[in-house]
Chemist: 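Shown below is the structure under consideration.
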Amino acid sequence: MTQAVQTAIQASAERLGPPVYQLRNVTRSFAAGRIKALDPVDLDLREGSFSAVIGPSGCGKSTLLKIMAGVTPPTTGSVMLYGSPVVGPRTEIGMMYQQATLFPWLTTIENVLLPIKIREGAAAATAKREQAQALLDLVGLTGFENVYPKQLSGGMAQRTSICRMLITEPQVLLLDEPFSALDELVRDFMNIELQRICMSRNATALLITHSIPEAVLLSDTVYVMSPRPGHFVEAVDIDLPRPRTLDMMTSPEFGEYVRHIRNRLDLEAASA
Amino acid sequence: MTMATERDLGRPVTVEPASFPETVWTEKVTIIDLIPRSVAMIGLLVIVLTLWWSVHHFQIVSRIILPSPQEVAADIIFVGKNLLSGGYMLAALWITTKEILFGFAIAIAIGFTLGVIVGETSFGERALLPYLVAIDTMPKVAFAPLFLAWLGFGIGSKVALAAFIATFPIVVGTAAGLHASDENARMMFKSLGATRWQTLFQMKIPTGLPHIFTGLKIGAVGVMAGAITAEFLGGGKGLGELIRVAASQLQTPRVFSLILYLSALGYLLFWLVVFAERRIVFWHRSTVAGIETRH
Ligand SMILES: Nc1ncnc2c1ncn2[C@@H]1O[C@H](COP(=O)(O)OP(=O)(O)OP(=O)(O)O)[C@@H](O)[C@H]1O
Ligand SMILES: [Mg+2]
């Protein structure tokens, strides 16, 4: 198991840039140690890489992401980002959650500008309005900048929250099932869009998902997690050319990857 | 029936013509739900007035205790004229209004502050909340003699009791509102590195506004009760005093009409709060007494 992870780390090291995230021996337990949410997790994310984490519900994926984002501390272990320890929220990080979490008293564009307002103040937010507008245009929300979230559909709200993540120009994207509330068609569109954004900015991304095809479509490496307490049982390198397209999903190799990961997950579920 | 031709997977949607009975049906509605609001309200008023009139007319209770609707109506007009001509009743109304407004303003200031301390700090929750709950369970009008002893028979003691009663629902509403934000929103602010003040003012308070306004609406009702109770017990020159005097002289029509004007004042204050809520919390459908009004 660690063997597989080791080789995967080496393999991606050859292809990609310097390490961005380095996690060593990260664990997390709740309720004074009675609930172990994360077994020791080691992870290296290289610059410009796209990785996905897939695993059964409750295995500790969100917990891992929160630790990486500096929102909650780990119980043991170390998290390094760009060579310095993560001991709190960092401005390099952009996060996206399963729910869009837009605030109903702010218009679409004000929601997008919220991170700037919090970090740099209201004046800076006003100055970035044009950039926010450009982002909204990019995701097809032109004309909706001044409406309130109540008037947005689920997909539109989720697109707004992408813009909110991107407005700070994060070098690292941490995505916790960002599109799981969307229908299949919108989701595919968003995934391709996400890939485009990551590639154009050389951003490093970690995506948590329950969808195996989604993980394979987007990732350079898919990490498979065990049931709780979660740890990585396998790293699957996806050797498909970039940019990925939706057509690739019908190719035999794609199916092979999906099958392999599904079998691995089934195996873990059975042995739990 | 046409079938797919060639190698297309799809085919046009076709159905065979048929003659079925119409299946347009209506949902069952009872007649009572169909009555428009205005008709319902006037109808109910007529029923109540008729009952009232018959009780008076057939002398089911003594006429001294229960005046006729006509007598009360006449007195309402009399009081209204006095108010409009700037008579002594207007002065009384003005005093009571001042008591209510000052009382409410003080209740909002103290209630909101305490609510933020209780809802936001663990000190407030651990140390302050138990005492507040203990005081809240007391019958607060029982404090009226104390306020009178401390603040005298002027407007101060009335303001104090009014504020005292209205403060607690505002504390509870504010504290509950600050806990209303969900995990995702809090995590978002945390991951953006927001300060405690930013989180409080830009997320927790706006999220809690519907709860805060619920507290304000309950407080607006309490403030009236407090002011009038204090006037009953401590004299002064407000509307409550007029009611007390009229009752002691068995002028029951006057009592009824003064109560009506008093409730108009309370109604006004309540709707002022509702109006403010609709303006400020525009994203949230405001409710009156927890019941959504159908439109
Ligand atoms: N604050 C907490 N207190 C106690 N236990 C927690 C807490 N947060 C998470 N857990 C536990 O840790 C485990 C992992 O939770 P986590 O949210 O990371 O799962 P997940 O893999 O993201 O699941 P899902 O796919 O359903 O989102 C769960 O069993 C959960 O019960
Ligand atoms: Mg999760």
Side-chain angles (χ1 to χ4, degrees), chain A residues 62-63 65-73 86-108 110-122 125 147-152 157-158 161 164-165 167-168 170 172-178 181, chain B residues 7-10 112 116 119-120 122 173-174 176-216 273-287 292-293 295:
Chain A
S62 298
T63 306
L65 211 71
K66 285 181 207 170
I67 292 171
M68 291 174 72
V71 177
T72 52
V86 174
V87 288
R90 293 269 291 264
T91 51
E92 299 99 320
I93 302 169
M95 256 193 114
M96 213 176 144
Y97 311 93
Q98 187 163 357
Q99 284 86 26
T101 320
L102 301 182
F103 296 101
W105 55 87
L106 301 176
T107 61
T108 307
E110 285 168 350
N111 267 292
V112 172
L113 286 165
L114 184 69
I116 305 292
K117 193 177 168 201
I118 287 173
R119 286 181 180 168
E120 296 160 38
V147 307
Y148 288 93
K150 219 163 59 175
Q151 286 154 272
L152 300 178
Q158 207 52 281
S161 87
R164 182 177 56 192
M165 173 183 72
I167 191 79
T168 59
V172 185
L173 308 182
L174 300 178
L175 311 152
D176 194 352
E177 302 182 40
Chain B
R7 284 161 43 235
D8 283 349
L9 284 174
F112 184 73
V116 168
E120 178 64 15
S122 44
T174 307
L178 295 187
H179 284 280
S181 59
D182 73 347
E183 167 74 21
N184 280 310
R186 267 177 280 150
M187 202 164 76
M188 216 201 108
F189 267 70
K190 206 169 169 185
S191 70
L192 290 173
T195 64
R196 191 171 194 163
W197 286 107
Q198 285 178 319
T199 310
L200 183 63
F201 283 103
Q202 294 186 41
M203 195 268 285
K204 287 189 176 183
I205 289 178
T207 306
L209 277 176
H211 291 268
I212 295 174
F213 270 100
T214 302
L216 288 178
V273 178
V274 171
F275 181 72
E277 178 180 23
R278 290 193 178 155
R279 291 301 297 270
I280 297 170
V281 200
F282 59 88
W283 63 90
H284 185 262
R285 201 131 177 259
S286 120
T287 60
E292 285 220 19
T293 37
H295 292 287

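When reading the values below, keep in mind they use all heavy atoms of this one structure, side chains included, and skip hydrogens, waters and symmetry mates. Just so it is clear: chains get the letters A, B, ... in the order the sequence lines come, proteins before strands, and each one is counted from 1. All values reported here derive from a predicted model rather than from experimental measurement.
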Chemist: Report the option among B/Ala194, B/Gly193, B/Ser191 that has the most heavy-atom pairs separated by less than 4.5 Å from atoms of chain A.
Modeler: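 Greatest number of close heavy-atom pairs with chain A: B/Ser191.
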
Chemist: Which one, A/Leu106, A/Leu102, A/Ile118, leads in non-hydrogen pairs under 4.5 Å with chain B?
Modeler: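 Max contact count across the listed options: A/Ile118.
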
Chemist: Anything under 3.5 Å between a donor and an acceptor, one on a side chain of residues 203-212 of chain B, the other on a protein residue two or more places apart or in another chain? List them.
Modeler:
unit_1: B/Lys204; atom_1: NZ; unit_2: B/Glu120; atom_2: OE1; d: 3.0
unit_1: B/Thr207; atom_1: OG1; unit_2: B/Met203; atom_2: O; d: 2.6

Chemist: Heavy-atom distances under 4.5 Å only: say whether A/Lys66 touches chain B with side chain, backbone, both or neither.
Modeler: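 Contact with chain B involves the side chain of A/Lys66 alone.
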
Chemist: Residue by residue, scan residues 91-99 of chain A and write down, ordered by number, those that have a heavy-atom distance under 4.5 Å to chain B; if none do, write 'none'.
Modeler: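 Within residues 91-99 of chain A, near chain B: A/Met95, A/Tyr97, A/Gln99.
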
Chemist: At what distance, to the nearest 0.5 angstrom, does CD of B/Gln198 lie from CZ of A/Arg119?
Modeler: 11.0 Å

Chemist: As an exercise, state the distance from NZ of A/Lys117 to CG of B/Leu192, rounded to the nearest 0.5 Å.
Modeler: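 Here the rounded value is 12.5 Å.
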
Chemist: With B/Phe275, which residues qualify under ring pair (Phe, Tyr, Trp, His ring centres under 6.0 Å), at least two apart?
Modeler: none

Chemist: Quick check: closest heavy atoms across B/Phe282 and A/Pro104, and the distance to 0.1 Å?
Modeler: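 Distance-wise, the nearest heavy atoms are CE1-O, 4.3 Å.
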
Chemist: Report the relative orientation of the aromatic rings in B/Trp283 and A/Trp105; use parallel for angles under 30°, tilted for 30 to 60°, perpendicular for over 60°.
Modeler: tilted

Chemist: Which residues satisfy the ring pair (Phe, Tyr, Trp, His ring centres under 6.0 Å) test with B/Phe213, sequence neighbours excluded?
Modeler: none

Chemist: What is the minimum heavy-atom distance between B/Met188 and A/Leu114, and which atoms define it?
Modeler: CE-CD2, 4.1 Å

Chemist: Select one option (side chain, backbone, both, neither) describing which atoms of B/Gln202 are under 4.5 Å from chain A's heavy atoms.
Modeler: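 Contact with chain A involves both backbone and side-chain atoms of B/Gln202.
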
Chemist: Can you confirm whether A/Thr101 sits close enough to B/Met187 that some side-chain heavy atom of one is under 4.5 Å from a side-chain heavy atom of the other?
Modeler: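 No. Closest side-chain heavy atoms not under 4.5 Å.
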
